[in-house]
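Every number for a ligand or one of its atoms is a count from 1 in the order of the listing. Since this is a predicted model, take the numbers as computed values, not measurements.
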Amino acid sequence: MTTAHPAPEAPARTAGIHHVTAIAGDAQRTLDFYAGVLGLRLVKRTVNFDDPTTYHFYFGDAEGTPGSILTFFPWSGAPRGRLGTGQAAVTALAIPPAALGVWLDRLAAHGVAHELPARRFGGETAVAFHDPDGMRLELVTDPAVAAIPGWEGGPVPAEHAIRGVFGVTLWVERGEATARVLVGQLGLREVAREGAREGAVTRYVADGATLGRVVDVREAGGFWRGATGVGTVHHVAFRAADDAAQGALRRQVMQAGHSATPVLDRNYFRSIYFREPGGVLFEIATDPPGFLVDETPDALGRALRLPPQYEPHRAEIEAALPPIALPEPPIAAAAALAGGA
Ligand code: ZN
């Protein structure tokens, strides 16, 4: 149902997931896996704004479009996390259905063990695997993303490239309170329920979104509580079109009794954070200004970018960070030079 003139008090809603942020171990291994094996573009190499002695990597599509982004804090030597309730336990990445066979071959060629492809929710096929730190990932076939161009500059042919985030699966003890936040405060819509071995899953979608439109909530009652650490998701960020939309979403969250942080400037977006009642840390991030604010499209991710407050300390910061190299030349190009397919 639509109306020509939305009421002034129409609830604000998100356009889906903006990014997913996780904690990784070794920085170079993280680059090799996400840029090299999965073929995502490193769209920003910067530092953790709360701890500039560690990196913050942003991976995404050609320009780091909201919804395409996975980010990592590589904390070498930090304790490993424990998968459990109160977490975004699974991060799903969207591929066009025709790319499935190519991806099964690619995972095998890189020695990435995966489960058998599984059909679910009346159509999509999901392939589950882990990153080198044990983070749970899935490739999910999604006809809607075939229309989005893949990145031309990566090791995976553009038509088969991962387009971005499909969605996340939250593991919670009980689903009702989390559902109230997803539907009541973020404006998602419940579309399906499915029984599963590890607890019933309810699917919520952000209407109108292509990338990042799915949040699955698994009621994993009785499962142990998760612990944040290497190999686990730190938070899930949802999109706000601008500062006004973020303000409206923040008010909705606060009025529902949750406490949200003030707006924090993350250089590439502005953020607020709050913990949903199931225990998962949520962020609401603005689409602007985006990753082209301090680099040209060609240069994205090639040099260390620092926010203005850290620029005067660049020399010390660079000296403290481990040296890294992008996996170049792209693996597909290298294989072609060597006479491979
Ligand atoms: Zn974030």
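Taking the six-membered ring for Trp, Phe49 and His56 have ring centres at least 6.0 Å apart.
Glu283 and His18 share no side-chain donor-acceptor pair at under 3.5 Å.
Look at His19 and the Zn ion (ligand 1): an N/O/S atom of the residue is under 2.8 Å from the metal.
Within His235, the N, O or S atom at minimum distance from the Zn ion (ligand 1) carries the name NE2. The closest approach of Glu283 to the Zn ion (ligand 1), by N/O/S atoms, is made by OE1.
A distance of 12.0 Å separates OG1 in Thr71 from OH in Tyr268, rounded to the nearest 0.5 Å.
The aromatic rings of His234 and Trp75 lie perpendicular to each other, with more than 60° between the two planes, well past the 30° mark.
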